[in-house]
Amino acid sequence: MESLQNHLLIAMPSLDDPLFGRSVTYICEHNADGAMGIVINHPLSVDIANLLEQLEIEFDGGSDAAKMKICAGGPVQNDRGFVLHTPKAGFNSSMQLNQDLMITTSKDILEQLTTEAAPDKFILALGYAGWSPGQLEQELADNSWLVIPADNRIIFDLPHGEKWQGATAKLGIQSWQLSPQAGHA
């Protein structure tokens, strides 16, 4: 199977796992060693201001960024922050995912999120989703996920509650048309 890096996984209605039900997951890496992604549409009750306050990082509480909800990025290392963002150089631990997207895990980006130095668009997630070798391929064969190329409009511009429907609409279908029953031809 070819790599699904830089794609979005859309949970099928039959996937009733509390962590992944109706989720949209950006795949950061997918190779023979497995896959790693960030769930982009499951907001927590904590906003960025709450987190920065807990970490004793100074911030502009009046900024729009301070009010943004943090996402539950997945069940692995859910005490660690991952910032998925539009390109912005200068952070200690950043990886370019494609020409329009980066991921940063270093604390220095947190210090910039409520300032003019922040990336234009970003999502802060705690934790990530991980798959062992062959696991994601098996889940795809089991009809747990639909796959579409990544789309920054879905990732950053849609409200969290609309990302799942927006991603299914990108396939040319409405979410109500998806059957909760899996089948094979």
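Across Ala32 and Pro133, no two heavy atoms sit closer than the pair O-CB, 3.4 Å. The shortest non-hydrogen separation linking Ile38 to Gly127 is CD1-O, 3.8 Å. Of all the heavy atoms in His160 and Lys69, the pair that sits closest is NE2-O, 4.3 Å. Heavy-atom minimum distance, Arg22 versus Asn41: O-ND2, 2.9 Å. Heavy atoms only, all atoms of each residue included: Cys71 and Val39 are closest at CB-O, 3.9 Å. For the residue pair Leu44 and Leu126, the shortest heavy atom distance occurs at CD1-CD1, 4.1 Å.
Between the side chain of Lys163 and the main chain of Val24, no donor-acceptor pair closer than 3.5 Å is present. Remark: side-chain polar atoms of Asp157 are not paired, donor with acceptor, to backbone N or O of Ile154 under 3.5 angstrom. Put simply, the side chain of Asn98 gets close to the backbone of Leu101: a donor and an acceptor are under 3.5 Å apart. His42 contributes a side-chain N or O that, together with a main-chain N or O of Gly21, makes up a donor-acceptor pair within less than 3.5 Å. Judged by distance alone, with hydrogens and angles left aside, the side-chain atoms of Thr104 form no donor-acceptor pair with the main-chain N or O of Ile109 at under 3.5 Å. With Ser23 contributing its side chain and Ala11 its backbone, the two residues share no donor-acceptor pair below 3.5 Å. Remark: side-chain polar atoms of Asp100 are not paired, donor with acceptor, to backbone N or O of Pro87 under 3.5 angstrom.
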Report the C-alpha separation of Leu124 and Leu84 in whole Å, then their side-chain angles, then the decisive distance to 0.1 Å, and conclude whether the side-chain contact (heavy atoms from CB on, under 4.5 Å) test is met.
-> CA-CA 7 Å; Leu124 173 55; Leu84 195 59; over 6 Å; no

Which is it for Asn6 and Leu97 under the side-chain contact (heavy atoms from CB on, under 4.5 Å) test, yes or no, and what are the steps along the way?
-> CA-CA 7 Å; Asn6 198 37; Leu97 299 169; 5.7 Å; no

Show the numbers, then the answer: is there a side-chain contact (heavy atoms from CB on, under 4.5 Å) between Glu137 and His30?
-> CA-CA 10 Å; Glu137 291 81 357; His30 181 221; 2.8 Å; yes

Would you please test Ile27 and Leu9 for side-chain contact (heavy atoms from CB on, under 4.5 Å) and show each step?
-> CA-CA 7 Å; Ile27 299 299; Leu9 295 182; 3.6 Å; yes

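His7 places none of its side-chain heavy atoms less than 4.5 Å from the side chain of Tyr26. For the pair Thr105 and Val83, the minimum side-chain heavy-atom distance is 4.5 Å or more. Counting heavy atoms from C-beta outward, Ile10 and Trp145 have side chains that stay 4.5 Å or more apart. No side-chain heavy atom of Ile103 sits less than 4.5 Å from a side-chain heavy atom of His85. At least one side-chain heavy atom of Leu110 sits under 4.5 Å from a side-chain heavy atom of Leu113. At least one side-chain heavy atom of Phe122 sits less than 4.5 Å from a side-chain heavy atom of Met68. Contact of the Leu146 side chain with the Leu8 side chain is not registered, since no non-hydrogen atoms from C-beta on lie closer than 4.5 Å. Looking at heavy atoms from C-beta onward, Ile70 lies out of side-chain contact with Ile123 at the 4.5 angstrom threshold.
Using a 4.0 Å cut-off between charged nitrogen and carboxylate oxygen, Lys88 and Asp120 do not count as a salt-bridge pair.
Other residues, nucleotides and ligands contribute only 12 or fewer heavy atoms inside 6.0 Å of the NZ atom of Lys107.
The side-chain contact (heavy atoms from CB on, under 4.5 Å) check on Leu19 picks up Asp17, Pro75, with sequence neighbours excluded. Taking Phe82 as the reference, Tyr128 meet the ring-ring contact (aromatic ring centres under 6.0 Å, His included) condition, with sequence neighbours excluded. Residues forming a side-chain contact (heavy atoms from CB on, under 4.5 Å) with Gln112 (at least two apart in sequence, or on another chain): Phe91, Thr115, Ala117. When the side-chain contact (heavy atoms from CB on, under 4.5 Å) test is applied to Ser63, the partners found at least two apart in sequence or on another chain are Asp60, Ala65, Ala66, Thr114. Remark: Ser132 pairs with Gln135 by the side-chain hydrogen bond (donor to acceptor under 3.5 Å, both in side chains) rule, at least two apart or across chains. Taking Asn78 as the reference, nothing meets the side-chain contact (heavy atoms from CB on, under 4.5 Å) condition, with sequence neighbours excluded.
Defined by atom type and a distance below 3.5 Å, a donor-acceptor pair is missing between the side-chain atoms of Ser144 and Asp142.
Rounding to the nearest 0.5 Å places CD1 of Ile40 at 5.0 Å from CD1 of Ile155.
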